[in-house]
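Notes follow once the structure below has been shown.
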Amino acid sequence: MEDCIFCKIIAGEMESEILYEDEEVIAFKDIEPQAPIHFLIVPKKHIPTLLDIEEGDNELIGHIHQVANQLARQEGIAEDGFRIVSNCNEAGGQIVDHIHYHLLGGRNLQWPPG
Ligand code: 5GP
Ligand code: ZN
């Protein structure tokens, strides 16, 4: 946890462009955007991977979807469409070991992903 960059952003020890914050969740712009709109929705609780989500986290995970809903509208991409992605472990492309949900939009996103 000590070396976790997202925990540092949550603690205010590292700079980020924050779009939203409440007691449970923070959302900030991705430092390397892959689309015109690209931010990360991150639970403040340090959960390393999707595989570490416990039953007690169900409300938190649902809340993240509510935040995504709200922010997609706020950023003006709700109608056109957008994507939420959570990468898990190496083959899934996870680099930061603190779960996060990418919210991407503002262009036509391809499927399947690379
Ligand atoms: P992952 O590959 O783990 O799903 O995604 C990690 C994401 O975090 C990447 O899109 C990367 O650009 C972003 N990221 C890594 N370090 C930082 C940082 O220090 N600040 C911000 N805002 N984003 C970061
Ligand atoms: Zn963390």
Side-chain angles (χ1 to χ4, degrees):
M1 261 192 257
E2 274 175 22
D3 293 329
C4 173
I5 51 173
F6 288 175
C7 279
K8 284 187 179 145
I9 287 173
I10 290 159
E13 292 165 7
M14 252 180 83
E15 273 199 34
S16 67
E17 263 191 82
I18 297 169
L19 290 121
Y20 175 87
E21 184 168 10
D22 64 26
E23 278 187 11
E24 306 289 332
V25 163
I26 191 167
F28 51 86
K29 289 192 179 173
D30 197 293
I31 206 167
E32 235 178 275
Q34 302 300 318
I37 306 268
H38 183 183
F39 56 86
L40 305 169
I41 307 175
V42 183
K44 290 190 173 177
K45 179 182 177 187
H46 179 89
I47 302 172
T49 80
L50 205 124
L51 299 167
D52 301 302
I53 293 171
E54 297 166 345
E55 223 170 295
D57 299 319
N58 286 356
E59 205 168 306
L60 172 62
I61 302 303
H63 179 53
I64 286 169
H65 279 72
Q66 293 294 349
V67 171
N69 181 333
Q70 183 186 319
L71 288 178
R73 291 170 194 275
Q74 187 182 303
E75 296 300 307
I77 54 171
E79 284 300 312
D80 283 349
F82 59 94
R83 185 175 295 166
I84 295 176
V85 178
S86 187
N87 299 323
C88 184
N89 280 344
E90 201 179 337
Q94 183 175 10
I95 291 167
V96 178
D97 288 340
H98 179 138
I99 60 161
H100 49 280
Y101 296 77
H102 297 256
L103 200 153
L104 300 136
R107 67 171 170 85
N108 286 324
L109 301 164
Q110 303 303 308
W111 191 264

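For the numbers below, each heavy atom of this structure counts, side chains included, while hydrogens, waters and symmetry mates do not. What you are looking at is a predicted structure, and each value in this text was computed from that prediction instead of being measured. Both ligands and their constituent atoms are indexed starting at 1 by order of listing.
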Original post:
If you count the non-hydrogen atoms of other residues, nucleotides and ligands that lie under 6.0 Å from CD in Glu13, is the total more than 12?
Top reply: yes
Subject >> Residue Phe6 vicinity, atoms of ligand 1 by number, heavy atom under 4.0 Å >> reply: 8 (O)
**OP:** Tell me which N, O or S atom of His98 sits nearest to the Zn ion (ligand 2).
**Re:** ND1
Subject >> Distance from atom 18 (C) of ligand 1 to nearest protein heavy atom, with residue and atom >> reply: Ile31 CD1, 4.0 Å
Original post:
Ile9 heavy atoms, cut-off 4.0 Å: which ligand 1 atoms fall inside?
Top reply: 20 (N)
Original post:
Do Trp111 and Arg83 touch side chain to side chain, with heavy atoms closer than 4.5 Å?
Top reply: yes
**OP:** Check ligand 1 against His102 and write out every atom of the ligand that is under 4.0 Å from a heavy-atom position of the residue.
**Re:** 1 (P), 4 (O), 5 (O), 7 (C), 10 (O)
**OP:** Anything under 30° is parallel, anything over 60° is perpendicular, the rest tilted; go ahead and classify His46 against His98.
**Re:** perpendicular
Subject >> Lys44 side chain vs Glu21 backbone, donor-acceptor pair below 3.5 Å >> reply: no
Subject >> Atoms in ligand 1 with a heavy atom of Leu40 nearer than 4.0 Å >> reply: 8 (O)
**OP:** Report, in ascending order of atom number, the atoms of ligand 1 lying under 4.0 Å from any heavy atom of Gly93.
**Re:** 1 (P), 2 (O), 4 (O)
Subject >> Test of proximity, Ile95 against ligand 1: N or O pairs below 3.5 Å >> reply: yes
Original post:
Does Asp57 reach the main-chain N or O of Glu54 with its side chain, forming a donor-acceptor pair under 3.5 Å?
Top reply: yes
Subject >> Close side-chain approach of Ile41 and Phe39, heavy atoms under 4.5 Å >> reply: yes
Original post:
OG of Ser86 to CG of Leu103: how many Å apart, nearest 0.5 Å?
Top reply: 12.0 Å
Subject >> Residue His46 atom name (nearest to the Zn ion (ligand 2); N/O/S) >> reply: ND1
Subject >> Protein contact of atom 6 (C) of ligand 1 - nearest heavy atom, named by residue and atom, plus distance >> reply: His100 NE2, 3.5 Å
Original post:
Crowded around Arg73 CZ? As in, over 12 foreign heavy atoms under 6.0 Å?
Top reply: no
**OP:** Nearest heavy atom to atom 12 (O) of ligand 1 wins, so pick from Ile99, Asp30, Ile5.
**Re:** Asp30
Original post:
Would you find more than 12 non-hydrogen atoms of other residues, nucleotides or ligands less than 6.0 Å from Asn58 atom CG?
Top reply: yes
Original post:
Has ligand 1 got any nitrogen or oxygen that is less than 3.5 angstrom from a nitrogen or oxygen of His38?
Top reply: no
Subject >> Per-atom contacts of ligand 1 with Asn87, taking only distances under 4.0 Å to non-hydrogen atoms >> reply: 1 (P), 2 (O), 4 (O)
**OP:** Going by heavy-atom distance to atom 22 (N) of ligand 1, choose the closest among Glu15, Glu32, Lys8, Lys29.
**Re:** Lys29
**OP:** Run the numbers for me: atoms of ligand 1, each under 4.0 Å from some heavy atom of Met14, listed by number.
**Re:** 19 (O)
Original post:
Would you say Asn89's side chain and Ala91's backbone share a donor-acceptor pair under 3.5 angstrom?
Top reply: no
